Number of protein chains: 2
Amino acid sequence: MKLCQKHGLPIVPRGSGTNLAAGTTPSQGGVVLIFRNMNDIVELDEENLALTVQPGVLTEEIHQYVEEQGLFYPPDPSSGKISTIGGNISENSGGLRGLKYGVTKDYILALEVVLPNGDIVRTGGKLAKDVAGYDLKSLLVGSEGTLGIVTEATLKLIPKPFYKETMLAVYESLEDAAETVSAILANRIIPATLEFMDQGTIQVVEGYKQIGLPTDCEAILLIEQDGPKEIVEQDIEKMYSICKEYGALSLSKAVTEQEAEELTRARKDALSCLAYLSPTTILEDATVPRSKIAPMVREIKKVADKYDVRIHTFGHAGDGNLHPTCATDARDKEEMARVEEAFAEIFQIAVDMGGTITGEHGVGEMKAPYLEWKVGELGIEIMKAIKQAIDPNNIMNPGKVFAKSTKKRVVVSNV
Amino acid sequence: MKLCQKHGLPIVPRGSGTNLAAGTTPSQGGVVLIFRNMNDIVELDEENLALTVQPGVLTEEIHQYVEEQGLFYPPDPSSGKISTIGGNISENSGGLRGLKYGVTKDYILALEVVLPNGDIVRTGGKLAKDVAGYDLKSLLVGSEGTLGIVTEATLKLIPKPFYKETMLAVYESLEDAAETVSAILANRIIPATLEFMDQGTIQVVEGYKQIGLPTDCEAILLIEQDGPKEIVEQDIEKMYSICKEYGALSLSKAVTEQEAEELTRARKDALSCLAYLSPTTILEDATVPRSKIAPMVREIKKVADKYDVRIHTFGHAGDGNLHPTCATDARDKEEMARVEEAFAEIFQIAVDMGGTITGEHGVGEMKAPYLEWKVGELGIEIMKAIKQAIDPNNIMNPGKVFAKSTKKRVVVSNV
């Protein structure tokens with residue numbers, strides 16, 4: 001770090017590179033820092049429910065390790081099989097359990113970070129409460145490698161839920177599915193998972209996986225609850241009734257663990273399946289307040305039609321985090337221009353609905369030109385001032401988060 | 001704000017002034033901004049489980065308002081009866097439910113903030129996931145009025161737990177009480193409340209409240225669990241056995257809601273009761289990893305003896321957040337010097353144990369000279385750079401968080 005600082009050389013810290021916003025591409029040259037060999041589980045502190053790890057440990061390895069001890073690390077990005085915890089921290093990764101359990105930031109107790117000048121700073125501790133000065137830890141989590149390099153992290157663990165049930169609800173109409181989501185939450189149930197796939201996604205996933213998903217419906221919801229057995233059973237029963245009441249065509253509960261795993265896996269593999277469709281796949285994560293899911297999915301469809309591009313949508317219905325995904329071909333410049341316009345319009349619609357341009361994937365290089373739409377000119381100014389204060393020579397992952405120029409706002413009517 | 005900026009006049013935002021670190025004292029003159037009349041509940045959004053409020057709303061009013069709707073806002077600082085939500089946000093207030101539910105920061109979805117130059121910035125949204133740029137919201141929460149003024153906040157709500165049980169465990173020895181805390185958590189139970197009072201505190205509280213607390217024991221634990229009835233009953237039963245196993249002299253469950261309320265109130269009123277003891281009360285909140293509670297309480301006792309000052313300790317055993325409280329007299333300069341030395345030593349011991357100088361009260365003016373002990377020279381440097389970037393003329397609550405000079409570290413042996 002000191003050498004790079006001395007020579008003004010960019011540094012791009014990179015985990016497994018599974019981020020979806022061109023967040024770890026060395027587009028301005030420099031050194032790409034890989035953490036593959038910095039992958040020790042340093043300490044499990046059972047008394048304080050804290051796990052200390054190096055940044056190169058895989059997310060799934062953490063899940064397995066702590067679950068063997070009856071403990072639980074909730075954040076579960078779909079890429080968890082190969083993503084690293086360092087990458088998760090840099091991106092503040094979310095996942096399927098975000099609605100009930102929160103995201104990576106909610107589980108970081110302490111960080112060791114190397115600053116751009118080579119200084120090493122430790123922030124946080126094995127503490128549930130700590131208000132000593134500004135919250136540097138929260139500033140660093142999700143800063144996408146633009147402020148420093150995480151070299152060690154202490155994660156908060158919770159007791160592992162005893163029991164889990166998984167069910168699938170099939171809908172003729174999108175609105176019915178969306179209304180079910182609202183009704184579940186209005187009934188004061190917070191499920192562990194409340195996932196959504198639209199028809200296009202279902203067809204593609206079923207095409208590749210053949211696990212019996214219904215391909216003629218407009219939407220399906222994947223619902224999971226975890227916790228004490230009696231409560232899970234009660235909640236699932238209630239949600240079963242709610243799904244029925246709101247027009248579910250069919251409902252099925254996973255009977256075996258394998259069945260449940262298959263259903264969850266189908267949702268987690270949605271992106272990889274969609275990626276088979278075409279040479280290029282562009283996945284976004286425009287996010288809206290969850291009350292806006294149905295109108296948002298409708299708008300995405302309209303936009304896809306308007307620009308004549310192929311977009312399928314899946315995502316986390318419970319927390320409004322949608323993943324409109326475009327099957328396209330980067331070699332077709334004319335189509336790519338339409339794709340870009342379509343996504344710009346989708347971002348604008350999300351922001352107009354009180355949402356954001358990115359729920360869990362980060363800004364990276366791809367969404368940098370749109371950041372101002374969400375945080376405003378003033379927001380960018382403050383963020384840049386912070387960046388300048390910590391990394392005055394801009395050697396940390398330059399070109400990410402902040403763009404040279406902001407895209408013009410799209411004028412969208414009828415939202 | 002623009003006027004103050006123009007004339008270089010300090011602004012001190014102040015809720016009810018219940019903070020315990022001299023965080024809202026206009027010690028450098030200027031304008032004290034009171035939010036008493038900015039106290040509207042702006043909107044309850046049931047679909048997105050979000051409550052939007054102005055900063056002058058009392059914490060208790062929020063609790064009552066949302067609980068009537070079957071919803072829950074968990075942060076419950078002991079001062080909640082009179083504290084404002086704006087103050088809670090500035091201080092990132094904790095409370096008795098921190099262990100299970102987290103602190104104020106965990107429940108802030110969006111903020112409207114007036115910056116030192118008069119610009120208005122909105123950060124966050126009714127979103128469970130949002131990674132668009134740096135996390136300004138988390139930076140502002142707990143910044144003690146040194147970066148801007150919160151003029152509106154959107155709070156995250158959760159479903160109200162259906163049922164609650166309260167019990168009290170009495171211990172001959174401090175170690176037994178501390179071991180009980182560890183055993184409860186090791187048994188994968190996270191109680192809603194796990195509070196601790198030492199003998200001195202018990203005697204004083206019982207003296208004033210006369211609710212039948214045993215005054216001859218070394219420690220009591222106040223334990224609460226909330227949630228679905230069957231789970232609460234299971235957990236309370238398990239914790240009952242654990243308390244017995246670890247040597248509780250007596251155990252009592254609150255039978256009526258009034259009994260439960262009395263017990264909780266006794267703990268919440270510990271500070272007010274201790275305040276009757278002497279003309280001056282100094283309450284601290286040195287915090288340690290929860291595995292260190294017993295040694296920490298022992299060390300506090302030793303320090304009190306060493307400096308011949310009267311310190312009683314109570315606090316949140318579940319999250320290691322202790323409140324050693326000194327009954328003294330500000331007019332007695334010689335005693336005050338000893339008190340200050342005693343607390344300095346307590347801070348140092350907490351930090352040496354992996355803890356912090358403040359768990360939930362903030363740094364304010366009182367703890368500013370000790371901040372470096374926790375965050376290091378480098379930590380202070382980064383925080384100052386951020387402050388400088390956002391408030392270059394230092395008009396926001398000057399003299400708080402950052403001290404003119406750092407106290408010399410105390411050399412403590414045998415920790």
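Predicted model only: the values in this text are computed from it and were never measured. Below, chains carry the letters A, B, ... as their sequence lines are ordered, and counting in each starts from 1. Quick note: numbers below take in every heavy atom, side chains included, and nothing from hydrogens, waters or symmetry partners.
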Practice item. Show the numbers, then the answer: is there a side chain to side chain contact (heavy atoms under 4.5 Å, CB included) between B/Leu185 and A/Glu46? Key: CA-CA 9 Å; B/Leu185 294 159; A/Glu46 288 215 49; over 6 Å; no
Exercise for review: Specify the closest pair of heavy atoms between A/Lys129 and B/Val103, including all atoms of both residues, with the distance to one decimal.
Suggested key: CG-CG1, 3.9 Å
Point to revise | Residue, of A/Ala132, A/Gly98, A/Ser143, that accumulates the most heavy atom pairs under 4.5 Å with chain B | key: A/Ala132
Review point. Between atom CG of A/Asn92 and atom CG of B/Asp130, what is the distance when rounded to the nearest 0.5 Å?
Key: 9.5 Å
Check your understanding: Heavy atoms, side chains only, cut-off 4.5 Å: are A/Ile382 and B/Tyr134 in contact?
Key -> no
Practice item. Can you tell which part of A/Tyr370 gets under 4.5 Å to a heavy atom of chain B, answering side chain, backbone, both or neither? Key: neither
**Study point:** Heavy-atom pairs under 4.5 Å with chain B, option from A/Lys384, A/Gln388, A/Lys105 with the top count
**Key:** A/Lys105
**Study point:** chain B contacts, top residue of A/Val288, A/Leu71, A/Val401 (heavy-atom pairs, under 4.5 Å)
**Key:** A/Leu71
Review point. Which atoms form the tightest heavy-atom contact between A/Val131 and B/Glu91, and what is the distance?
Key: CG1-O, 3.8 Å
Point to revise | Pairs of heavy atoms under 4.5 Å with chain A: top-ranked of B/Ala50, B/Gly125, B/Ser182, B/Ala110 | key: B/Ser182
Point to revise | chain B-proximal positions within residues 111-119 of chain A [heavy-atom distance under 4.5 Å] | key: A/Leu115, A/Asp119
Check your understanding: What residue, out of A/Val181, A/Leu99, A/Thr146, A/Leu109, has the most heavy-atom pairs lying under 4.5 Å from chain B?
Key -> A/Thr146
Review point. Does anything in residues 354-367 of chain A get under 4.5 Å of chain B by heavy atoms, and if so which residues?
Key: A/Gly354, A/Gly355, A/Thr356, A/Ile357, A/Thr358, A/Gly359, A/Glu360, A/His361, A/Gly362, A/Val363
Practice item. List the steps, then state whether side chain to side chain contact (heavy atoms under 4.5 Å, CB included) holds for A/Ile190 with B/Ile158. Key: CA-CA 8 Å; A/Ile190 308 280; B/Ile158 59 173; 5.8 Å; no
Check your understanding: Side chains of B/Glu230 and A/Ile231: closer than 4.5 Å at any heavy-atom pair?
Key -> yes
**Study point:** Side chain to side chain, A/Leu49 and B/Arg188, heavy atoms closer than 4.5 Å
**Key:** yes
